[in-house]
Structures are given as C-alpha cells and as structure tokens.
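Just so we're on the same page: letters track the sequence lines, and every chain starts at 1.
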Amino acid sequence: MHRWFELFIPTLREAPADAEVASHKFLVRAGYIRQLSAGVYSYLFLGQRSFNKIIGIVRQEMDKIGQEFYLPALHPRELWEESGRWAVMGDTMFRLKDRKGADYCLGMTHEEVMTSIARKELRSYKQLPQIWYQIQNKFRDEARPKSGLLRVRQFTMKDSYSFDIDPAGLDVSYRKHYDAYCRIFDRCGLKYMVVEAHSGAMGGSQSHEFMVRTPAGEDQIVSCESCSYAANMEKAASKLAPVEDLAVTGDGNPVEVHTPGQKTIEEVARFLGVSPKNKIKTLALIANETDAKTGKPKARAVVVLLRGDHQLNEAKLSTALAGKETRAMQEDEIRQVFHSPAGFLGPVGLSNVAVATNGVFGEGAILLVDTALEGRKNLISGANKEDYHLKNVTPGRDFQPTAYADLRSVTAGEACPNCGGQLRIDTAVEIGHIFKLGYKYSQSMGARVLDRNGKEVTPIMGSYGIGMERILTAAVEQNNDENGFWLPPQIAPFEIVVTPTNVRDEMLTNTAEDIARRLEAAGFEVLLDDRDERPGVKFKDADLVGIPFRVTVGKKVTEGTVEVVRRSTREMLDVSIAAITEYFEKLLRPAR
RNA sequence: CGGGGCGUAGCGCAGCCUGGUAGCGCACCUGCCUUGGGCGCAGGGGGUCGUAGGUUCAAAUCCUAUCGCCCCGACCA
C-alpha cells in the first residue's frame with residue numbers, strides 16, 4: 001500500500017517565481033517535476049507514475065496498429081548527412097564529438113534511423129506495410145525553452161513511421177494512426193480537436209495536428225462554430241464577404257492621384273475616402289534561394305500583394321515559394337530594385353516580373369498575389385513615385401502576377417469555407433501530429449523494394465508523433481483552479497486519496513487503512529495519507545496533487561460513513577464504509 | 001539571435017541607490033500544545049550573497065567580465 005508518510009511528495013506552498021503557466025506552477029508545487037536546467041526536467045514519484053500511465057495507454061493503442069522498437073538517441077553525423085538534415089537543423093540540433101573526434105548528434109526525431117533499418121531489411125512488397133514505433137527521448141536545443149514542460153529541450157515522444165508500397169497503402173496507415181490517436185487522447189480524458197495542418201513544401205501530402213485549446217499554447221487554430229471545420233493558422237482558409245469595387249475614375253485606365261505624405265494603408269484610405277478593402281497592400285521581400293546551376297545561394301526579389309486590410313501569413317508564403325525563407329526588404333533595397341520610394345510601391349509598371357511555367361518560376365522578381373485580389377477591379381495602389389498613388393488598378397489587366405496564391409491569415413469572425421458559419425481562433429498546444437512524409441527519406445536514403453512485377457520501387461512513408469509530456473501538461477491546463485489541479489483517473493498517479501483527518505485517533509486510522517486496503521484489492525490505485533498533519537494541511541495537499549477523488553475518513557465513521565469528494569467539482573457525498581468499494585466500482589469502472 | 005529582467009538559506013523575498021562583515025516569511029529540527037481547510041507557544045540548525053577579476057582599510061552593496069535562469073520578439077521536423 002502507498003502511504004504518504006513514507007513517500008517523497010515534496011509539495012510547495014508557493015510556486016517558483018519563474019513559473020508562468022498553470023501547468024508549470026502546479027506540476028512543480030505538486031511535487032511532480034523539478035527543473036534541472038533550462039528546458040530540462042526531472043520527473044519525481046507522482047510525475048513518473050502519471051507519466052507511466054500515459055505511456056501505458058499509448059503503448060496499448062499503438063500495439064494494435066504497429067510494433068514497438070527502441071532506437072538509439074545518439075546518432076552518427078553520417079546518417080543525418082544522408083538525408084541532408086545535418087546541415088538543415090542548425091543550432092536546434094545538439095551535437096557532440098566522441099573521443100576520436102567523430103561527430104554525433106542527439107536525435108531530434110528518428111526518420112533517419114528508422115529508414116536506415118528499413119533500407120537494409122525491407123526487400124519485397126510482401127514485407128509491406130510496416131508500422132514501427134518507439135517511445136523515446138528527443139533532444140532539441142530550442143532557442144527559447146519555456147512554459148515548464150510545454151516547450152523543453154529533452155522530452156519523450158511516441159514516434160512512429162509507416163512504410164507502404166504505394167500512396168493508397170499510406171492512406172491506410174495514416175488512417176490507422178488517426179484513429180489510434182483519437183482513442184489515445186479519448187482514453188487520456190483530454191478535450192482535443194483535430195485540425196488540418198500545413199503540410200510543407202512536398203506537395204500532395206496530408207497532415208493533421210491534434211490540439212488542446214489553452215491560453216498557454218503557442219499555436220493558433222481556426223475552427224468553425226457551426227461545423228467540424230478546423231485548421232491551424234498556416235492552413236486555414238475562409239470565405240470572404242464580397243467587396244464592392246470602386247467606380248471607374250475617368251477613362252478606366254490607371255490614373256495617378258496626388259497623396260502627399262500618405263504612406264500607410266490607413267492614411268491613404270482615409271485621405272481618399274475609401275475603405276482599405278479597395279487598396280492593394282504591397283510588400284517587398286527578399287527570398288534566399290539556391291542557384292540551380294552553380295548551387296550558390298542567391299537573393300531574389302519577391303513582391304506580395306494583399307488586400308489592404310489583410311495580413312500576410314508567412315507559412316503560406318513559404319509554401320507558395322516552395323519553402324524558401326524570406327525577409328522584408330530595406331528601404332534602400334526597394335529603391336534600388338524597384339526604383340520606387342518605400343511606401344509608394346505598387347505592382348503597375350514593375351519591370352522584370354517572373355513568369356511561371358508549369359508552376360516553375362522563371363527569372364526576375366516574383367509577384368505573388370493573394371487570391372482575395374483575383375477578379376477585383378479599380379483598386380488603389382502605390383504609383384512607384386513619391387507622393388502618388390494609382391486609381392483604377394485592375395489585376396490581370398494592369399499587371400500580370402507570377403502567380404495567385406492563398407497568402408493571408410484568416411481572422412476571427414470570417415466565414416467558414418465549408419458551411420459559411422463563423423470562424424473562431426484559439427490558442428492551443430499541439431499534442432500529436434500525423435504526417436504523410438512521402439518519399440523524402442526513403443528516396444534520399446535509398447530504401448527500395450521490389451513490387452509484384454519485380455520492379456524496384458521506393459516505399460512511401462508516414463511519420464507520426466505524440467508529445468508524451470504534453471498530454472500531462474494539457475490535462476493540467478484543462479483541469480485546474482486556484483488550489484491545484486485534477487487529472488482524469490486514467491492518467492492520475494492515484495485514483496483515490498484516503499485521508500484520515502487525525503491519525504492519532506485509532507478508529508479513524510483503522511477505518512482508513514481498511515478502506516484503502518479494500519479499494520486496492522478491488523484494483524484501484526490508492527494513496528493513504530497517513531501523515532500526522534492537521535486536516536487542513538492534508539486537504540490542501542490532496543487538492544493540489546491531481547488525484548481526482550478523495551475519501552475523507554473523519555467524524556462520521558461513528559455513523560458508518562465517510563465522505564467522497566470529487567476534486568473537479570468539489571461535490572461531496574456521504575458513502576457507507578461497507579459500500580465504498582461498490583461505490584467506486586460504479587463510478588470508475590466504466591471509464592476503464 | 002535582438003530587447004528586457006533576475007541571481008542573497010529548500011521556496012518566496014528584503015538589504016544594494018548612500019560600502020562597515022546578512023535579515024524576514026514559509027519550510028526544516030527539538031519540546032509542548034492542537035486536530036474538518038496550510039493551528040499556537042518556546043528553543044534551534046542552515047547562506048562560498050551565481051562565478052572570476054578589479055576599486056577600497058573594508059564589497060551582497062561600486063566597476064569589469066563571465067555563467068545561469070526567466071519574460072517579450074525572431075525561430076520552431
């Protein structure tokens with residue numbers, strides 16, 4: 001039996017000063033975790049117990065669809081050079097040398113190791129599909145660890161990888177993961193949502209993120225109030241209300257208007273008495289790309305046009321640019337490249353605009369135009385001339401975009417692309433991510449199998465992750481009040497804490513012992529608070545440490561009853577001592 | 001990586017400006033007392049003041065460097 005008196009459960013009355021978010025404060029105060037270094041934590045008794053239960057659930061569900069491996073955390077440099085990621089990962093990768101001076105890194109993820117196994121061992125389509133998973137530490141030297149266990153440098157991830165003979169097979173593996181993840185998070189008692197995620201530059205791949213709404217999160221998710229549509233900001237779309245175009249001025253061709261000193265969208269719109277919706281927002285950027293012939297890095301001008309009241313979404317821009325990174329141009333660069341003063345830049349008359357052929361951009365400046373401007377007329381843009389703007393600007397007629405693309409961020413209140421309902425935006429934490437990888441690793445690392453026809457083909461892969469700590473953290477974020485938190489019984493370190501109000505009273509002690517023993521015999525996880533403390537201390541601790549039910553053994557034992565308190569609601573109920581086991585059977589068994 | 005803040009006892013903090021050899025609350029130990037919401041009384045233990053250098057008769061305090069941690073931003077398969 002677990003007796004509090006003998007255990008190490010170092011609860012704190014006060015949270016460490018540097019804890020900001022609820023889960024961080026409470027997990028430290030409740031004695032679950034202690035910090036060792038920035039973004040590196042030790043899990044103490046209660047934390048580890050809860051963690052083990054989470055791992056148990058994940059393992060059970062993953063075993064239904066895949067096979068558990070355990071891969072090294074220490075990887076040789078060569079492996080990561082094969083996939084090209086030794087260079088890409090930069091400072092986020094922990095790197096070290098062995099005694100001979102050879103380079104190693106600590107694994108941030110395990111695509112490379114898994115693929116290295118697959119390519120050695122998988123020979124035939126008959127061996128596919130495979131789903132391999134592991135529960136392992138990951139190391140990422142985050143630029144800024146924060147929020148307790150939410151963003152750390154060493155953490156535990158369940159990561160799995162699927163190998164299929166073709167995209168249809170990948171669809172099946174992907175679906176299996178989707179369903180397994182739902183079962184896992186349901187069993188962990190989390191309120192979560194599944195959102196479409198932006199799938200990067202590889203094209204055609206699919207990705208979903210499993211998110212838990214909480215202000216402590218660092219992602220923004222968009223969801224519909226009326227239907228099931230949900231996506232992260234990098235992917236979310238919306239239907240825009242139609243905008244009335246301005247009436248033609250003069251002969252309908254672009255015409256200059258004098259706008260002395262009016263540089264911002266708001267200034268110009270107010271000055272001309274029009275809505276920012278009828279204005280074109282022109283952004284000048286520099287993209288870094290690699291010269292196709294020489295392989296050397298080179299800069300490329302990118303001009304982005306948005307509706308005046310819209311905001312650029314950098315993830316979408318990156319997708320539109322096939323993953324290239326961009327930065328804003330400096331004023332002198334704008335002058336130099338476009339011969340225009342900053343603040344009066346516009347698309348009409350821009351020289352050397354790239355043309356796209358089959359989605360490939362030719363030479364010159366890339367002119368990307370947000371789809372919200374497609375089909376619009378008589379807009380107002382900069383005239384590329386100090387103190388002048390243009391009226392009557394019509395895309396497609398007065399300038400030719402290199403491409404139209406979805407480039408703007410959705411805002412709350414816009415219409416759902418599926419049903420037209422209202423969209424809302426919430427901050428959330430990502431607890432799981434499933435991703436159709438495609439051929440990236442199997443291709444670059446040379447995994448090949450023979451298909452039915454004896455032809456060599458590259459298996460298609462998927463990769464799927466769950467942040468194990470984040471399940472615990474999200475649960476705490478979702479279930480707390482000023483006194484502490486409560487976990488769903490399935491992931492709580494104990495399901496029931498039995499609290500005799502006075503251990504010097506033999507009747508109370510004996511009754512509490514008896515109840516604890518019977519509950520344990522019935523298969524419940526019970527913590528007996530046998531400390532010689534005042535009741536107040538024990539109640540405060542019980543409220544703090546995340547155990548969902550408390551049995552208070554006090555005065556009422558003379559009447560043959562004890563109190564059962566549900567931590568989440570503070571609901572209190574007198575239950576007969578004789579029937580206590582049955583009471584919890586009814587309460588907790590269905591959840592198992 | 002840019003901006004800001006903080007390092008003094010296990011936790012939370014004061015002292016620093018104006019240098020004089022370290023203090024408060026909680027926690028901890030002993031005894032008494034108390035037992036339905038962090039109880040009371042008495043006694044007690046515990047600190048290289050992040051580290052290194054400098055200024056000074058004297059440095060937690062002033063100067064320089066450095067390390068660590070936190071926050072905002074950038075970044076985030």
Side-chain angles (χ1 to χ4, degrees), chain A residues 8 10-21 24-25 28-29 31 34-40 80 83-86 88-93 105 107-112 114 138-148 150-153 155 157 159 161 197-202 205 207 209 217-219 232 234 314-315 318 323 325-328 429-430 433-438 440-441 461-465 467 482-484 499-505 508-509 529 531-544 550 552-557 562-563 565 570 572:
Chain A
F8 183 63
T11 57
L12 299 175
R13 198 181 289 217
E14 286 172 286
D18 48 24
E20 291 279 317
V21 301
H24 187 195
K25 286 181 186 164
V28 172
R29 282 192 55 202
R34 287 294 183 261
Q35 181 171 8
L36 180 64
S37 173
V40 182
W80 284 76
S83 67
R85 292 209 290 181
W86 179 265
V88 173
M89 287 308 181
D91 291 337
T92 309
M93 179 181 258
C105 67
M108 308 171 62
T109 170
H110 283 77
E111 278 85 1
E112 279 81 358
M114 279 290 186
K138 299 285 185 270
F139 298 87
R140 295 180 190 179
D141 194 0
E142 295 287 349
R144 189 147 93 81
K146 60 174 185 181
S147 308
L150 232 37
R151 184 168 197 73
V152 289
R153 297 195 296 170
F155 60 99
M157 184 186 250
D159 50 320
Y161 306 86
H198 122 112
S199 45
M202 270 163 279
S205 21
S207 174
E209 288 172 347
E218 41 189 17
D219 291 316
N232 72 12
E234 296 163 3
E314 294 190 23
S318 168
E325 294 195 358
T326 53
R327 64 169 175 83
V429 58
E430 178 186 345
H433 194 170
I434 56 179
F435 189 74
K436 289 185 180 173
L437 268 184
K440 183 176 158 82
Y441 298 92
M461 292 175 61
S463 114
Y464 318 86
E482 65 281 0
N483 295 308
T499 310
T501 53
N502 183 356
V503 295
R504 306 215 181 161
D505 182 328
L508 296 187
T509 315
D529 190 354
R531 294 174 298 167
D532 184 11
E533 290 284 357
R534 297 175 59 83
V537 173
K538 294 165 75 149
F539 292 157
K540 286 286 185 193
D541 273 345
D543 284 350
L544 176 62
R550 183 178 90 210
T552 308
V553 181
K555 292 172 195 139
K556 291 175 192 160
V557 291
V562 290
E563 267 171 22
V565 183
R570 284 283 161 76
M572 231 179 271

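Taking a pair to require two hydrogen-bonding distances under 3.5 Å in either a Watson-Crick or a G-U wobble arrangement, B:C69 pairs with B:G5. Base pairing of B:G31: its partner is B:C41, meeting the Watson-Crick or G-U wobble criterion (both donor-acceptor distances under 3.5 Å). In this structure B:C17 sits in no base pair that meets the Watson-Crick or G-U test at under 3.5 Å. Base-pair partner of B:U56: not found among the strands shown (Watson-Crick or G-U wobble, both distances under 3.5 Å). Pairing partner, B:C26: B:G10, with both Watson-Crick or wobble hydrogen-bond distances short of 3.5 Å. Of the nucleotides present, none pairs with B:G46 by Watson-Crick or G-U wobble criteria with both distances under 3.5 Å.
In the set B:G12, B:C76, B:U35, B:C76 carries the atom at the smallest distance from any side-chain atom of A:R151. Candidate nucleotides B:C69, B:U35, B:G12 were compared by shortest atom distance to the side chain of A:A38, and B:C69 ranks first. Checked against B:G38, B:U34, B:A77, the side chain of A:R140 finds its nearest nucleotide in B:A77. Minimum atom distance to the side chain of A:R534 is reached by B:U34, of the listed B:U34, B:G38, B:C70. Nearest nucleotide to the side chain of A:Q35, out of B:C70, B:G36, B:A77: B:C70. The A:P16 side chain lies nearest to B:G12 when the options are B:G12, B:G36, B:U35.
Rounding to the nearest 0.5 angstrom, the gap separating the OH atom in A:Y161 from the CG atom in A:L437 is 8.5 Å. Here the NZ atom belonging to A:K25 is positioned 13.0 Å from the CG atom belonging to A:L544, to the nearest 0.5 angstrom.
Between B:G45 and B:G53, the two P atoms lie 32 Å apart (nearest whole Å). A gap of 22 Å separates the P atoms of B:A52 and B:C6, to the nearest Å. On the P atoms, B:G12 is 32 Å away from B:G36, given to the nearest whole Å.
A:T109 is listed as a side-chain neighbour of A:R140, based on a closest heavy-atom distance under 4.5 Å.
Per the geometry, NZ belonging to A:K436 stands 18 Å off C1' belonging to B:A77, to the nearest Å. Here the P atom of nucleotide B:G37 and the CG atom of A:N483 are 14 Å apart, to the nearest Å.
If you run side chain to side chain contact (heavy atoms under 4.5 Å, CB included) between A:L508 and each of A:V562, A:T501, A:V503, only A:T501 comes through.
Within the nucleic acid shown, A:M93 has no heavy atom closer than 4.0 Å to any nucleic acid atom. If you check every strand for non-hydrogen atoms under 4.0 Å, A:R29 touches a base. Counting any heavy atom pair closer than 4.0 Å across all strands shown, A:D505 reaches no nucleic acid atom.
With 3.5 Å as the limit, one finds a donor-acceptor pair spanning the side chains of A:K138 and A:H110.
A donor and an acceptor atom never sit less than 3.5 Å apart when one is taken from the side chain of A:E533 and the other from the base of B:G38. A:R85 contributes no side-chain N or O that forms a donor-acceptor pair with the base of B:A77 under 3.5 Å. Side-chain atoms of A:D543 and base atoms of B:G37 include a donor and an acceptor less than 3.5 Å apart.
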Restricting to nitrogen or oxygen on both sides, can you table the protein-nucleotides 23-27 of chain B pairs closer than 3.5 Å?
{"residue": "B:G25", "atom": "N2", "partner": "A:E14", "partner atom": "OE1", "Å": "3.4"}
{"residue": "B:A27", "atom": "OP1", "partner": "A:R13", "partner atom": "NH2", "Å": "3.3"}

Using a cutoff of under 3.5 Å, can you pull out all pairs of nitrogen or oxygen atoms linking the protein to nucleotides 71-73 of chain B, with atom names and distances?
{"residue": "B:C72", "atom": "OP2", "partner": "A:R144", "partner atom": "NH1", "Å": "3.0"}
{"residue": "B:C72", "atom": "OP2", "partner": "A:R144", "partner atom": "NH2", "Å": "2.7"}

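Under a cut-off of 6.0 angstrom, the local environment of CG in A:D91 is sparse, with at most 12 non-hydrogen atoms contributed by other residues, nucleotides or ligands.
For A:R153 (side chain) and A:E142 (main-chain N/O), no donor-acceptor pair under 3.5 Å exists by modelled atom type. Within the 3.5 Å criterion, the main-chain N or O of A:D529 finds a donor-acceptor partner in the side chain of A:K538.
We find that A:E111 and A:R85 are joined by a salt bridge, their nearest charged nitrogen and carboxylate oxygen being less than 4.0 Å apart. Electrostatic pairing of A:R570 and A:D543 counts as a salt bridge here, judged by a charged N lying under 4.0 Å from a carboxylate O.
In this structure, A:S37 reaches the B:C69 phosphate: one of its side-chain N or O atoms is under 4.0 Å from OP1 or OP2.
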